[in-house]
Participant: 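Please see the structure below; I have some questions.
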Amino acid sequence: MTDLRFTLPDKSELVLPAGTTGRQIAASIGAKLAAAALGVAVDGEIFDLDRPLAAGGAARIITAQPRGVKDGEIDRLDREALALIRHSASHVMAEAIVSLFPEAKLVYGPPVENGFYYDIDLDRPLGSDDFPAIEAAMAKIVAADKPFRRIECTREEAMARVAGDAYKTENLRAVPEGEVISFYRTGDDPGAFTDLCRGPHVPSAGRIGAFKLMQVSGAYLHGDEKQKQLKRVYGTAWPTKTALEAYLERLKLAQERDHRKLGQDLEIFSIADEVGSGLILWLPNGAVIRQELEALAAEREFLAGYKRVATPHITKAALYHRSGHLPYYQGSMYPPMTLDDDQEYYLKPMNCPHHHMIYLARPRSYRELPLRLAEYGDCYRYEKSGELAGLLRVRGMCMNDAHIYCSLDQVREEFLGTINLSRYYYEMFRIKDFWIRLSLHSKDKDKYIANEDLWEKSEEIVRDVLKECGLPFEERTGEAAFYGPKIDYQLRNVIGREETASTTQLDFAMPERFDLVYTAPDGTRRRPLVIHRAPLGTHERMIAFLLEHLGGAFPTWLAPVQVVVIPVAERFERYARDIAARLRTDLLRAEVDDSADSFNKKIRNAVTGKTPNVWIVGGKEQAAEAVTWRRHCVAQQATMKLAEAYEALAESRRARLMDNFPDVHPRGWENAARRGSDSSGNGPEAV
RNA sequence: GCUGCUGUAGCUCAGGUGGUAGAGCACCUCCUUGGUAAGGAGGAGGUCCUGGGUUCAAAUCCCAGCAGCAGCUCCA
C-alpha cells in the first residue's frame with residue numbers, strides 16, 4: 001500500500017495512507033471542517049465522506065457553508081453540497097414512502113435544480129394530503145441520524161438483491177459493464193431500508209437539515225408517453241431551516257413577477273372561458289404594447305429592406321397538402337371547416353405557405369433577391385390542454401414573422417442580418433439571461449430531408465456566422481427542423497421555465513414543395529433558399545417575457561399610460577389638463593388624475609400602476625410654467641420648464657430609451673433629461 | 001392528453017362536521033383635500049365554475065364535464 005498525495009484548494013499538499021477517507025482529510029485540516037463536511041471531491045469526482053479513497057488528487061472538502069459570501073446568498077451555496085443533501089433527502093423520502101405504502105415500487109430519484117424527486121410506481125392516488133404523513137416519517141428518519149452505509153457488490157449479487165423488482169433490475173442492467181455497483185442502507189441493521197444507488201450521500205440522515213415536499217405529478221417511465229405513468233413526488237431540501245425559508249420566500253417573490261399576475265393587475269390581457277383557453281383578449285393597455293412592438297418591428301424591418309405583406313386567417317386544405325403540413329401536423333391544427341361544396345378550410349397554423357404564394361404571385365428574377373416578406377401574422381395551433389400557460393403557450397398567437405428568399409451565396413449575409421436584428425432587440429430590451437441554441441441535423445434519414453451536401457454547407461454557414469458575431473452558443477445535434485438548421489434564442493421565465501423566444505431557420509424543403517424559382521442572370525431557372533425568422537417571437541410570448549423582465553414597469557415608449565399629470569389641489573386641474581392636452585397633440589399617452597382621491601392617494605396609484613412618468617403641478621409650477629417630474633425608476637425628482645419636459649419626454653419616446661432602468665439617468669437624472677438627445681449607451685446602434 | 005391540486009363579489013381571500021353567504025381592496029355617491037405610497041361616511045355588487053345525483057335542505061357530500069395551476073409528454 002502506497003501513500004496517497006492530495007492537493008488542497010490552497011495548493012498545500014497532504015500525504016495520507018491509502019484507504020484514507022474524506023473525513024480524515026478534513027480532520028487533518030481542522031476539527032471544525034471535519035464537523036461541517038458532507039463529502040469530498042477528488043479531481044472533481046465526489047465521494048462519500050467515509051468512503052476509503054483509492055487514489056489521490058486535487059481534494060476539496062464539500063460543506064454546506066457558503067463560500068466567501070454573505071449570509072442569505074443562498075443562490076451560491078455550494079451546488080455540490082446541495083446535490084448531496086437533496087440526493088440523500090430523496091433517499092429518505094423513498095424510505096418514508098415505502099414504510100407507509102409497502103406496495104410502492106421505487107424507480108428513480110435524483111436531485112434536481114431546486115430540490116429532488118422520486119419516481120414511484122404506486123396504484124393508490126397520492127396527493128398533498130399525504131405529505132404530512134410522509135414528512136413526519138422522513139423527520140423521524142432524519143432525527144434518528146443513522147449513517148448511510150455504502151454496500152458494494154458484484155453484478156450477480158446485485159441481481160439477486162433486486163430480484164423481483166422489475167424497475168431496479170432494469171436500472172441495474174443500465175449500469176455500464178465494469179462500473180462499481182453499490183447499494184445504500186440506512187444504518188447497520190441488515191434488514192434496514194436499502195436502495196440500489198450510485199451515491200454519494202451525506203454521511204448520515206441527520207445532515208439533511210431542512211426539507212419540504214412540494215408537489216406530486218405524473219411522469220412517464222423513461223419520459224416515454226407510451227410507457228406507464230408513475231407518480232413523481234417533488235421535494236426541496238436545504239442545509240438549514242433559514243435557507244429553506246429563504247427559498248420559499250423567493251418562490252413567492254417570483255410569483256409576484258409572474259406575467260399572469262402582472263397582466264391582470266395592470267390590465268394587459270384577459271382570458272375568458274367563453275372565448276376559449278389559450279385565446280387571448282388584449283385589453284386596451286395590452287393593445288398599446290402590441291401596437292408599439294409592431295411599430296418597432298415595422299421600422300427595423302423597413303430599415304433592413306423587408307417588405308410588408310398581409311395574408312388571410314383561413315385557407316383551403318390544398319395549401320397545407322402542398323406545404324406538407326397535412327397530414328403530419330393535423331393533430332396540432334384546428335379541425336377544418338367544411339363548406340357546401342365539400343371544400344375544407346383550415347385556420348392557418350403558420351404564415352410561410354401564404355408567403356410562398358406571394359412569392360409565386362408572379363415570376364421572380366435574381367434581381368429581386370433577397371426578397372424579404374414580413375408580416376405580424378395571426379396563427380392558430382391546437383396545443384394540448386395541459387400545455388397551455390398564460391401568454392407563454394397559447395392557441396392563438398401573432399408572430400413577428402418574415403421569410404427571406406435568397407440564393408445560396410446570399411444565405412450568409414441574410415442569416416447575419418437576422419441575428420443582428422435579434423441582437424438589436426435583446427440589447428435594446430436589456431435581456432441578458434438567455435442562451436442561443438444551434439440545432440443541427442443528425443444522420444437519421446427518417447427525420448431529415450436527404451440533401452447531405454446542402455445540410456453540410458448550410459450548417460457550416462450558420463455556425464460561422466454565429467462565431468463571427470462572437471455570440472456564445474450551444475450546438476444540439478438532431479434537433480434541427482426536418483427542413484434545415486436553426487438558431488433559437490432560449491429565454492427563462494420567472495418560474496424557471498424555458499421557452500424559445502426568437503428563432504431563425506433555414507429551409508431547403510419548402511422551395512421544392514412550392515416549386516419556388518427565380519430566373520438567374522444566364523436565363524436559367526434556379527431555386528431560392530428560404531429563411532424563416534421571428535426575432536420578436538410572438539406578441540404573446542414576448543409580452544409575457546417583457547412583463548416579467550421589467551416587473552411590469554415599462555419604459556416610456558411602451559407604457560400604456562406614459563404620463564400622469566397630478567395636480568396638488570383641485571385649483572390646478574385646469575393647468576394639468578392643458579399640459580396633458582398638449583402632450584396628446586404630440587401623440588403621447590397622457591392623462592390627468594382628476595379623481596376625488598387625495599393627493600397622496602393619486603401618487604400611490606401612479607406608483608402601483610407603474611406609470612413611468614408622473615408630472616406634479618401646483619402653484620409653484622404654474623407660476624414658473626414648469627412641472628415637477630417624478631420617475632417610476634428613480635428616487636429623485638426634478639422641477640423643470642414645460643418646454644424642456646416636453647422635449648425630454650418626446651425624445652425618450654422617439655429614441656425608445658429604456659428609461660425604466662435607473663442607470664439611464666446617471667447622477668441626478670434631471671441632467672440626463674435635459675440633455676435629451678444624448679442617447680449614448682441607451683441602445684445599440686442601427687443594424 | 002396524463003398525474004396531482006384548485007374553482008365563493010372585478011381582485012385577494014374567510015365561510016369545523018349540510019340549514020339559500022362575509023371581509024379588505026377596487027367600484028358608485030356625498031363630504032374633505034396646497035405638496036410626494038392609502039382622508040372620511042354611506043351605497044351597490046354574488047347563477048358560490050357548469051350539469052346531474054343524494055337529501056326535507058347542497059357553496060359544503062357523490063358523479064361527470066369545463067377552466068386554472070404545478071409537473072410529465074409535446075411544441076412545424
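Everything numeric in this text was worked out from a predicted model, so none of it was measured. Naming: A, B, ... by sequence-line order, numbering from 1 per chain.
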Participant: Check whether any side-chain nitrogen or oxygen of Ser217(A) sits under 4.0 Å from OP1 or OP2 of G4(B), and answer yes or no.
Facilitator: no
Participant: Using a cut-off of strictly less than 4.0 Å, decide whether Ser332(A) has a side-chain nitrogen or oxygen near OP1 or OP2 of C75(B).
Facilitator: no
Participant: Give a yes/no on whether any side-chain N or O of Lys261(A) is located under 4.0 angstrom from OP1 or OP2 of C69(B).
Facilitator: no
Participant: Whether Lys252(A) and Glu256(A) form a salt bridge (side-chain N of Lys/Arg under 4.0 Å from carboxylate O of Asp/Glu) is what I want to check.
Facilitator: no
Participant: Take the angle between the ring planes of Tyr117(A) and Tyr108(A) and call it parallel below 30°, perpendicular above 60°, tilted in between.
Facilitator: perpendicular
Participant: For nucleotides G43(B) and A57(B), find the distance between their P atoms and express it as a whole number of Å.
Facilitator: 36 Å
Participant: Distance check: side-chain N/O of Arg381(A) vs OP1/OP2 of A76(B), anything under 4.0 Å?
Facilitator: no
Participant: What integer distance in Å separates Lys226(A):NZ from U73(B):C1'?
Facilitator: 10 Å
Participant: Check this for me, if you would: do Glu383(A) and Arg393(A) make a salt bridge, where the nitrogen-to-carboxylate-oxygen distance has to be below 4.0 angstrom?
Facilitator: yes
Participant: When rounded to the nearest Å, what value does the distance between P atoms of C49(B) and G10(B) take?
Facilitator: 12 Å
Participant: Counting C-beta onward and ignoring hydrogens, is there a side-chain heavy-atom pair between Lys620(A) and Gln622(A) closer than 4.5 Å?
Facilitator: no
Participant: Please confirm whether the shortest side-chain N or O distance from Arg513(A) to OP1 or OP2 of A76(B) is below 4.0 Å.
Facilitator: no
Participant: If pairs are Watson-Crick or G-U with both distances under 3.5 Å, what is the dot-bracket string of RNA chain B, marking crossing pairs with [ ] and pairs to another strand with |?
Facilitator: (((((((..((((.....[..)))).(((((.......))))).....(((((..]....))))))))))))....
Participant: Do Phe116(A) and His87(A) pass the ring pair (Phe, Tyr, Trp, His ring centres under 6.0 Å) test, and can you show the C-alpha distance, the side-chain angles, and the key distance before you say yes or no?
Facilitator: CA-CA 7 Å; Phe116(A) 60 89; His87(A) 188 188; 9.8 Å; no
Participant: Over 60° means perpendicular and under 30° means parallel, so tell me whether Tyr334(A) and Tyr382(A) are parallel, tilted or perpendicular.
Facilitator: perpendicular
